[in-house]
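Have a look at the structure below before the remarks.
One-based numbering, in listed order, for ligands and for the atoms of each.
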Amino acid sequence: MSNKRLIVALDTNNLSKAKEIVSHLNPEQCMVKVGLELFISQREKILEYLTSENFEIFLDLKLHDIPNTVSKALQAIQEFNISMTTIHLKGGKDMIKAASETAGDIRLLGVSILTSLSEDDIELTYGIPFSNLFQRLLGIAQESKIDGLVCSSHELEYLKEFKGIKVVPGIRNQVLDDDQKRVMSSSEAYAMGADYIVVGRPITDASDIQKKIMEYS
Ligand code: C5P
């Protein structure tokens, strides 16, 4: 089993804190995720640091704009050593096409429906049930040149036939009193077909980060 299926989320805006977490990580064991908070606060400083430490970087930008703007944003990140990044599938097929044409060697992942949205939110915004919206977005993803999807562990069951990369956040091996509601353990997620799992606080807040890395790998 390759340890590189684990992506550790560096969810902080503080460069020293990010470096402190990274000092416990091994680039042979995991990738790292830089989200908007860290990217906006530290921009090239964090990307250059992670590159110098030989980490593969998942830059989670969740782009959602007109095709030209998304395409230009993807061009702008080409100068960094980014392995994967994200766009929203709801941006439409022209946006997805423009993004895949510009992504180059960066693997492009589509975000389907944010896990923070409930069934009621989806009904209110789109007037259709969650599962219908998910299936529609999946259809759009399958007809595009996107490399993979970010999805919740509970959507993995709909993705058995999906050929692309499946990246799954919301993973918990122990019950934590936090904001993740629909969770699954790492071994269940891998067994259900996750190619990568994204784990933040259970690893970054642990007193023994290396031990947690082994547990989630
Ligand atoms: O600390 P925790 O393990 O909950 O962190 C999960 C990471 O995955 C965070 O960076 C969060 O933004 C991200 N994420 C998520 N749910 C999604 C998409 C991304 O929790 N649907």
Side-chain angles (χ1 to χ4, degrees), residues 5-14 17-18 20-22 24-25 30-42 46-47 50 55-64 82-91 107-119 121-122 125 130-131 133-134 137-138 141 146 148-159 162 164-190 192 194-207 209 211-217:
R5 298 190 300 180
L6 174 63
I7 303 174
V8 177
L10 304 174
D11 289 330
T12 172
N13 59 16
N14 183 299
K17 171 73 180 155
E20 207 282 313
I21 297 167
V22 169
H24 298 279
L25 306 179
C30 62
M31 288 176 64
V32 283
K33 189 187 93 147
V34 175
L36 280 181
E37 178 188 11
L38 185 55
F39 184 56
I40 290 170
S41 354
Q42 304 299 336
I46 185 66
L47 300 181
L50 293 169
F55 281 92
E56 270 191 73
I57 304 169
F58 172 25
L59 181 61
D60 188 16
L61 294 178
K62 295 193 179 69
L63 297 171
H64 188 177
I82 309 295
S83 178
M84 302 199 282
T85 193
T86 46
I87 59 171
H88 271 284
L89 291 173
K90 291 198 206 78
R107 285 176 290 173
L108 193 63
L109 305 175
V111 175
S112 53
I113 305 173
L114 293 172
T115 42
S116 52
L117 297 176
S118 66
E119 286 274 355
D121 288 322
I122 301 300
T125 314
F130 183 98
S131 59
L133 180 60
F134 183 81
L137 292 170
L138 178 59
I146 207 144
L149 293 177
V150 181
C151 63
S152 94
S153 52
H154 296 271
E155 285 149 8
L156 282 170
E157 63 181 300
Y158 304 117
L159 297 177
F162 181 71
I165 306 164
K166 292 169 235 174
V167 177
V168 183
I171 302 294
R172 294 288 180 269
N173 288 350
Q174 285 89 23
V175 178
L176 294 181
D177 186 18
D178 63 22
D179 54 355
Q180 293 284 15
K181 301 280 182 268
R182 298 166 69 223
V183 297
M184 190 178 267
S185 73
S186 52
S187 51
E188 282 173 306
Y190 290 134
M192 292 276 292
D195 296 295
Y196 295 91
I197 61 168
V198 182
V199 185
R201 290 160 292 179
I203 290 177
T204 57
D205 292 350
S207 53
I209 289 184
K211 189 168 159 226
K212 286 286 163 190
I213 295 275
M214 301 314 290
E215 213 180 275
Y216 280 86
S217 292

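Among E155, R201, K33, E37, the residue whose heavy atom lies closest to atom 12 (O) of ligand 1 is K33. In the candidate list C151, P169, G35, P169 is nearest to atom 14 (N) of ligand 1, counting heavy atoms.
S187 pairs by the side-chain contact (heavy atoms from CB on, under 4.5 Å) definition with S185, not counting sequence neighbours. Contacts of K212 classified as salt bridge (charged side-chain N to carboxylate O under 4.0 Å, His left out), with partners at least two apart in sequence or in another chain: E215.
Taking every heavy atom of both residues into account, K166 and L156 meet most closely at CD-CD2, 3.9 Å. Closest approach of A9 to T204, counting heavy atoms only: O-CG2, 3.5 Å.
Neither side chain, S217 nor R5, offers a donor N or O lying under 3.5 Å from an acceptor on the other.
Counting atoms of ligand 1 from 1 in the listed order, those under 4.0 Å from a heavy atom of R172 are 1 (O), 2 (P), 3 (O), 4 (O). For ligand 1, the atoms closer than 4.0 angstrom to any heavy atom of A9 are 10 (O). Residue-ligand proximity, P202 to ligand 1, at heavy-atom distances under 4.0 Å covers atoms 3 (O).
Heavy-atom distances between L114 and ligand 1 stay at or above 4.0 Å for every pair.
Evaluated for a side-chain contact (heavy atoms from CB on, under 4.5 Å) with R107, the options V167, I165, I82, T86 yield exactly one hit, I165.
No N or O atom of V198 sits closer than 3.5 Å to an N or O atom of ligand 1.
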